[in-house]
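Everything on this sheet refers to the single structure shown next.
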Amino acid sequence: MAEENKNQQNQKIDLNDAILFHKIGRFPVDNVPQELIDMYHITPEMLKEIEPGMESTFTIQQVNVGVRKGYLLRKVGDAYMVMPTGPRMKEYRGMITLNETGAFLFKEAQKPDASRRSLIDAAMAEYKVGEPEAAENVDSFIQQCAECRLFAQINHEIVIYNDPQGESEEAPKE
């Protein structure tokens, strides 16, 4: 079991996909690592609800800040348009209209080291606003980009099971 979980944690993630599923592993209800309980906000009550013979999947959604390949920003008149190119035209038909702030954040998100923090810092510097206002606007922008699939969304999943005999699954033998 430990080897299976280790292999699942070492999976490569291709951020060119819009929605990714990263399976962390399977854990018996009485042996879930504390760090995962904390990370997934799992309460003792939630664990008690997993009846013998049942399993539950817990997911954390993470948005990877950074524009996926295949999208271009163009200014058309007074409007800013994000247009899909190549294979992206099949998954997103149409264009996305951005205001000036959205266009600025889109350009910042195209940088190789883009992160939520870098977008907040750039917005604070460009628009001379405080951190709370910049963070609110950046968070809204990130959420909208994830919904439009401009940014990749990674769903990290763990499965917690309750074996009716109280026996844990064995790790595969090599």
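In this text the structure is predicted, and so the values were computed from the model without any measurement. Throughout, numbering of the chain's residues begins at 1 and tracks the sequence.
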Let me confirm one number: the [atom1]-[atom2] distance from [X] to [Y], rounded to the nearest 0.5 Å.
| X | Y | atom1 | atom2 | value |
| --- | --- | --- | --- | --- |
| D30 | I160 | CG | CD1 | 11.0 Å |
| M54 | N162 | CE | CG | 10.0 Å |
| F106 | T101 | CZ | OG1 | 15.0 Å |
| D163 | I50 | CG | CD1 | 12.5 Å |
| L150 | F141 | CG | CZ | 7.5 Å |
| H22 | I154 | NE2 | CD1 | 8.5 Å |

Would you say [Y] ends up clustered with [X] if hydrophobic residues are merged whenever their side chains have heavy atoms under 4.5 Å apart, either directly or through other cluster members?
| X | Y | result |
| --- | --- | --- |
| M39 | F58 | yes |
| I142 | Y127 | yes |
| V29 | V159 | no |

Is any side-chain heavy atom of [Y] closer than 4.5 Å to one of [X]?
| X | Y | answer |
| --- | --- | --- |
| Y80 | F104 | no |
| I24 | Y40 | yes |
| N137 | V129 | no |
| V65 | V138 | no |
| V67 | Q110 | yes |

Restricting to non-hydrogen atoms, name the atom on [X] and the atom on [Y] that form the minimum distance, rounded to 0.1 Å.
| X | Y | answer |
| --- | --- | --- |
| L105 | A123 | CD2-CB, 4.4 Å |
| A146 | V63 | CB-CG2, 3.7 Å |
| A114 | A109 | CB-O, 3.5 Å |
| N99 | G102 | OD1-N, 2.6 Å |
| A134 | M124 | CB-CG, 3.5 Å |

May I have all residue pairs that pass salt bridge (Lys or Arg N to Asp or Glu O under 4.0 Å) and include part of [range], sequence neighbours excluded?
| range | value |
| --- | --- |
| residues 34-52 | none |
| residues 138-155 | R116-D139 |
| residues 57-67 | none |

> S140: what forms a side-chain contact (heavy atoms from CB on, under 4.5 Å) with it, not counting sequence neighbours?
Replying inline: Q144
>> Could you work out, with salt bridge (Lys or Arg N to Asp or Glu O under 4.0 Å) as the rule, every residue matching E126, not counting sequence neighbours?
In response: none
>> Which residues pass the salt bridge (Lys or Arg N to Asp or Glu O under 4.0 Å) test with K75, not counting sequence neighbours?
In response: none
>> Go through it in stages, so that I can follow the logic: the residues are N64 and L20, the test is side-chain contact (heavy atoms from CB on, under 4.5 Å), and I'd like the CA-CA distance, side-chain angles, deciding distance and then a yes or no.
In response: CA-CA 10 Å; N64 185 59; L20 308 148; over 6 Å; no
> Got a salt bridge between E157 and R26, using NZ or NE/NH1/NH2 to carboxylate O under 4.0 Å?
Replying inline: no
>> If you apply the rule side-chain contact (heavy atoms from CB on, under 4.5 Å), what do you find for I42 with L36, and how did you get there?
In response: CA-CA 8 Å; I42 300 170; L36 292 178; 5.9 Å; no
>> With side chain to side chain donor-acceptor pair (under 3.5 Å) as the criterion, how do N155 and Q153 come out once you've worked through the C-alpha distance, each side chain's angles and the decisive distance to 0.1 Å?
In response: CA-CA 7 Å; N155 294 327; Q153 177 179 308; 3.2 Å; yes
>> Given 3.5 Å as the limit, does a donor-acceptor pair link the side chain of T85 with the main chain of G70, or not?
In response: yes
> Does atom CD of E136 have more than 12 heavy-atom neighbours, drawn from other residues, nucleotides or ligands, at distances under 6.0 Å?
Replying inline: no
